[in-house]
Amino acid sequence: MQYTARDRLRFLAALGALPLSACAGGGGSTPAAPAPLPAPPVPPPPPPPPTGSTATLKQVFATEFEIGAAVQTAQVTGGGVDQSLAEAHFSSFTSEFEMKADIISPTQGTYNFDPADALRTFAQANGAKVRGHALLWYRTTPGYFTVGTASDIRDKLETYIGEVAGRYAGDIYAWDVVNEVVSDSGTDTYRQDDWFQAVGQDYIDWAFTAARAADPSAKLFINDYSTEFAGKRGRLITVIRDLLDRGIPLDGVGHQFHLSRGIDPNQVLAAIDEIDALGAGLEQHVTELDISVYNDPPECFASGVNCQTGYGTAPSDVPDRVYQEQAQLYRDLFDGFKARDSVTSVSLWGIRDSQSWLNNYPVSRSNYPLLFDPDGDPKSAFLAITDPDYVI
Ligand code: G3I
């Protein structure tokens, strides 16, 4: 349809941009130039997120990434301080242990979904997401999985993943499909665990393929620790490249980042950068972040010797300089996570210091690795990542 000049003028008049008279004239004089359209109202800028101890983590990081925490279902269904903190601060939750096979299916063909279901219900009631952890982890694999022929083992794994990932299809935004499958030693690429001993690395393919089939909406992650160390990271990248080259469905990399106070933040952030450099467009989740207040030598983790002596059972037993160092490291890391678009989720491995697994690993001693103290009060580490003006 061809529009005449008159049609166009009528259209502008209808917009109120022109006096109607300009459309009425039959000809003759050139119509006056249309008045400029009134500028559309400019919406006010969103208020800046609050900062400091009045801020909530999910407010501060709302436009950056999911901010999550590992929880035990009892912590968020008991109405206590943990539930209050969970509801206020986190947009994502990871089951600390109740979504693992040793809890869900301790014997073949039996399933106990109650704790995991309750966590899903809690998250959904609070507008939060759930990170699934973990469909396969050698440390929580009941023995029945890895006995029998390769075909038997594959059937059991595919059945289990189909049941679990299928049950939560659409409700879990990301799964740690396999956890800690990379060797810690330089002699092997793959961890020489029961799975690998039974069927070689094929189980990793089977797990990812079964997870994609069970829940096409979930992002599928390979998750591991010590990716901040080049050797472990290099072996992980070998595994990742192999999976990608063979078209195995993989969407992202989970970095546990269980850190010691003395580590250089740039060494940690290099792990994110090196995965980005693969150019595969992989999402990256920080999945289990905590920063021990101790700075132990390697033999402490390897065999529990030469570990630093515990500071004491009261948070005030820890020197202020230690908390300052921890807070600065948290600030540097979160600044780095915010600067990297591939980081789409950052989860702490717990809410309050008193619940951390690090109170029992690598030795039993009080640790203070998280953002909230045993009473649930925000620490300097919390203020350091929520308030850029906070002086550490
Ligand atoms: O709550 C029960 C208690 O009622 C029972 O009496 C007791 C004895 O059976 O068990 C308690 O549950 C324990 C649970 O931790 C809570 O303390 C489980 O047995 C125990 O297996 C579980 O350990 C978890 C571990 O993974 C194994 O699933 C830890 O909480 C959890 O922090 C740890 O998390 C792992 C990540 O999944 C992977 N990365 C390393 C990280 C630390 O090991």
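Quick note: numbers below take in every heavy atom, side chains included, and nothing from hydrogens, waters or symmetry partners. Ligands are counted one by one from 1 in listed order, and the atoms in each one are counted from 1 as well.
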Student: Using side chain to side chain contact (heavy atoms under 4.5 Å, CB included) as the criterion, list what pairs up with Asp152, not counting sequence neighbours.
Tutor: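 Once residues adjacent in sequence are excluded, the partners of Asp152 under the side chain to side chain contact (heavy atoms under 4.5 Å, CB included) criterion are Thr149, Lys156.
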Student: Test side-chain hydrogen bond (donor to acceptor under 3.5 Å, both in side chains) on Glu180 and Trp137; report intermediate values, then the result.
Tutor: CA-CA 7 Å; Glu180 303 178 11; Trp137 184 26; 2.9 Å; yes
Student: Taking only residues two or more places apart in sequence or in another chain, which ones pass ring pair (Phe, Tyr, Trp, His ring centres under 6.0 Å) with Tyr323?
Tutor: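 For Tyr323 there are no ring pair (Phe, Tyr, Trp, His ring centres under 6.0 Å) partners, ignoring immediate neighbours.
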Student: I need the full list of side-chain hydrogen bond (donor to acceptor under 3.5 Å, both in side chains) pairs touching residues 367-376, with sequence neighbours left out, sorted by first then second residue.
Tutor: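 Sorted result for residues 367-376: Ser292-Asn367.
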Student: State plainly whether the residues Arg365 and Asp296 are in salt-bridge range, i.e. N to O under 4.0 Å.
Tutor: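 Yes, Arg365 and Asp296 are salt-bridged.
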Student: Check ligand 1 for N or O atoms under 3.5 Å from a protein N or O and list each pair with its distance.
Tutor:
residue	atom	partner	partner atom	Å
ligand 1	26 (O)	Lys100	NZ	2.8
ligand 1	28 (O)	Lys100	NZ	2.8
ligand 1	30 (O)	Glu96	OE2	3.4
ligand 1	32 (O)	Glu96	OE2	2.6
ligand 1	32 (O)	Trp349	NE1	3.0
ligand 1	34 (O)	Trp349	NE1	3.4
ligand 1	37 (O)	Lys100	NZ	2.5
ligand 1	37 (O)	His133	NE2	2.6
ligand 1	39 (N)	Glu180	OE2	3.1
ligand 1	39 (N)	Gln256	OE1	3.1
ligand 1	39 (N)	Gln256	NE2	3.4
ligand 1	39 (N)	Glu288	OE1	2.6
ligand 1	39 (N)	Glu288	OE2	3.3

Student: Would you call the rings of Trp175 and Tyr168 parallel, tilted or perpendicular, where under 30° means parallel and over 60° means perpendicular?
Tutor: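 Ring orientation, 0 to 90° scale: tilted.
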